[in-house]
Amino acid sequence: MGVDLRQVVAGILTLTMFVMLGNMIKRDHFDSVEEKFPGDADFDSDEHGLVTFAKSSKGAWREDSPELKPCWSKSSFDTLQHSKGYLTFSLTNGPEYHISQIADAVVVAKYLGATIVLPDIRGNKPGDERKFGEIYDVEKFVQSLDGVVKVVNDLPDNISLRDFAVVKVPNRVTEDYITESIEPVFRTKGNIRLATYFPSVNMRKTAQKSDSDYVACLAMFGTLELQAEVREVVNSMVERLRTLSRKSEGQFIAVDLRVEMLEKKSCQGSGSGGAKTCYNAQEIALFLRKMGFDTDTNIYLTQSRWDDSLDILKDIFPKTYTKESIMPEDKKTKFLESEDSEFEKVIDFYICSRSDVFVPAISGLFYANVAGKRIASGKTQILVPAEIPGSTASVTNHFSPYISKKNHLAYSCFC
């Protein structure tokens, strides 16, 4: 029987890497709410039975937690006020931002008694603009807010956008900020346009003190659903991944790893000056092996098209895929080959929300809001990577602090 030279080389390479990294003594974690991975620097396991491993699966898989129920109820909100003006805004920068932008707009509109105009969706390039309904379910959005705030598709013909005052709004806007900085402008101008900015990545839970907290919960977790065609693409890709994962009983890992993000200055270096903000393909491969995942494990990467820097990951985990290899052929022209990254970001976000395991190789709002959706649906196996000395490590030491410490905002919204 002949010897496959590629397998021999890959085996030697893998062994060499394990020996090299096995001598590392420093262990860096994603921490810091504002600039690095949210959460505390240490990742404790839950002491109340959080970890339940699936008995019949290979590797470090665990069973899903029970799906949580919303703590909010529309009956607890104040009566819908007569509209006092209009509020417009745009969704930008991808679904992880859309969720937060929707929440801030709904909170402000509810507080002011304003009518929301259905937002458009804007990409990174000038003129790159889409209608809300091209990505999200309009009917679901309007119905979910019925009795909370009024939503219209367009402005009346007699009102011009030139009459709107632009107001900057910090993410997770508070009632005090609305009272002091937004309400006076709204009362004077009658109509406002919101521009949400993100002074920090902070998705940790706070004690709920007012109805606006529940309004934010409804907006974040109860308003956005994909429109039918986009949902169909996501479903088909998830099904394809599960079909390819028969040896692991249909389970797969989603890794948020994008080469262009890794190449940025803030993502370079070894983390010796503090906690790391990202991990490359080689580091992720070794991390997953030390977590106990078998080489037959299926991995989905948010990187859209294959890059040579990912080869080392595929050498260790041959069943590693990007969108181009699992998206239905008849959908690629619209969703992959149109040079419009908005669809690609949305597909990544929802696949990462539904995978059996999620590994955020890059810190930021994508990780934070994917974590929120996973917490709500009971998919709480989120592993924060690290450089691990030795050949093995306990999975429980690497659960996201959003899970192990239950400090994510979603835990304030679901019971």
Side-chain angles (χ1 to χ4, degrees), residues 70-92 97-122 131-133 136-199 202 206-225 409 412-413:
C71 298
W72 70 84
S73 168
K74 286 187 180 180
S75 62
S76 65
F77 299 149
D78 295 333
T79 304
L80 180 62
Q81 303 177 49
H82 178 71
S83 179
K84 301 174 183 177
Y86 291 92
L87 181 154
T88 66
F89 65 107
S90 294
L91 300 179
T92 60
Y97 288 87
H98 298 173
I99 289 173
S100 297
Q101 290 160 349
I102 287 287
D104 290 326
V106 172
V107 167
V108 172
K110 176 65 175 174
Y111 189 89
L112 299 177
T115 295
I116 287 179
V117 179
L118 205 66
D120 58 1
I121 300 173
R122 299 188 178 182
K131 292 183 178 180
F132 184 85
Y136 297 111
D137 186 328
V138 174
E139 185 177 355
K140 163 67 178 179
F141 182 73
V142 175
Q143 287 182 350
S144 66
L145 293 173
D146 183 41
V148 182
V149 295
K150 186 177 180 182
V151 181
V152 296
N153 287 327
D154 301 289
L155 283 170
D157 293 337
N158 63 332
I159 296 180
S160 171
L161 281 175
R162 289 177 294 183
D163 301 326
F164 280 65
V166 178
V167 181
K168 290 187 175 182
V169 181
N171 178 228
R172 297 185 70 177
V173 64
T174 63
E175 290 186 358
D176 287 343
Y177 187 92
I178 297 172
T179 301
E180 296 170 8
S181 303
I182 302 178
E183 188 172 21
V185 179
F186 182 70
R187 300 303 175 207
T188 301
K189 296 290 292 186
N191 303 297
I192 58 173
R193 179 169 179 80
L194 296 189
T196 299
Y197 66 96
F198 294 80
N202 180 5
T206 56
Q208 292 176 337
K209 299 177 182 178
S210 67
D211 281 351
S212 67
D213 296 307
Y214 288 109
V215 172
C217 287
L218 166 64
M220 291 189 74
F221 299 107
T223 61
L224 290 181
E225 283 187 6
L409 172 64
S412 299
C413 297

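Between the Gln101 side chain and the Thr196 main chain, no donor and acceptor come within less than 3.5 Å of each other.
The salt bridge (charged side-chain N to carboxylate O under 4.0 Å, His left out) test applied to Lys131 returns no partner, not counting sequence neighbours. Here Arg122 pairs with Asp120, Glu129 under the salt bridge (charged side-chain N to carboxylate O under 4.0 Å, His left out) rule; sequence neighbours left out. Residues passing the ring-ring contact (aromatic ring centres under 6.0 Å, His included) test with Phe186, sequence neighbours excluded: none. The side chain to side chain donor-acceptor pair (under 3.5 Å) test applied to Asp137 returns no partner, not counting sequence neighbours. Under the ring-ring contact (aromatic ring centres under 6.0 Å, His included) criterion, Phe198 pairs with Tyr97, sequence neighbours left out. For Leu161, the side-chain contact (heavy atoms from CB on, under 4.5 Å) test picks out Thr88, Leu155, Phe164, with sequence neighbours left out. Taking Pro184 as the reference, nothing meets the side-chain contact (heavy atoms from CB on, under 4.5 Å) condition, with sequence neighbours excluded. In terms of the side chain to side chain donor-acceptor pair (under 3.5 Å) criterion, residue partners of Tyr136 (sequence neighbours excluded) are, by chain and number, His98. Glu139 meets the salt bridge (charged side-chain N to carboxylate O under 4.0 Å, His left out) test with no other residue; sequence neighbours excluded. Residues satisfying the side-chain contact (heavy atoms from CB on, under 4.5 Å) criterion with Asn153, sequence neighbours excluded, are Leu118, Val138. Residues that satisfy the side-chain contact (heavy atoms from CB on, under 4.5 Å) test with Lys189, not counting sequence neighbours, are Ala165, Val185.
The side-chain heavy atoms of Lys110 and Val148, taken from C-beta on, include a pair separated by under 4.5 Å. Residues Leu224 and Phe132 have side chains in contact (heavy-atom distance under 4.5 Å, counting atoms from C-beta outward). With a 4.5 Å cut-off on side-chain heavy atoms, Phe141 and Ile102 count as touching. Inter-residue side-chain proximity for Leu112 and Ile192 is flagged as met; some heavy-atom pair is nearer than 4.5 Å.
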>> One pair to check against disulfide bond (SG atoms under 2.5 Å apart): Cys413 and Cys217. What are the steps and the verdict?
In response: CA-CA 6 Å; Cys413 297; Cys217 287; 1.9 Å; yes
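Sorted by first and then second residue, the side-chain hydrogen bond (donor to acceptor under 3.5 Å, both in side chains) pairs involving residues 161-170 (not counting sequence neighbours) are Ser160-Arg162.
The distance from atom CH2 of Trp72 to atom OG of Ser412, rounded to the nearest 0.5 Å, is 11.5 Å. The OG1 atom of Thr188 sits 10.0 Å away from the CD atom of Glu183 when rounded to the nearest 0.5 Å.
Considering every non-hydrogen atom in both Ser90 and Pro119, the closest pair reads CA-CB, 4.3 Å. The minimum heavy-atom distance linking Ile116 with Ala105 is given by the pair CD1-O, 4.0 Å.
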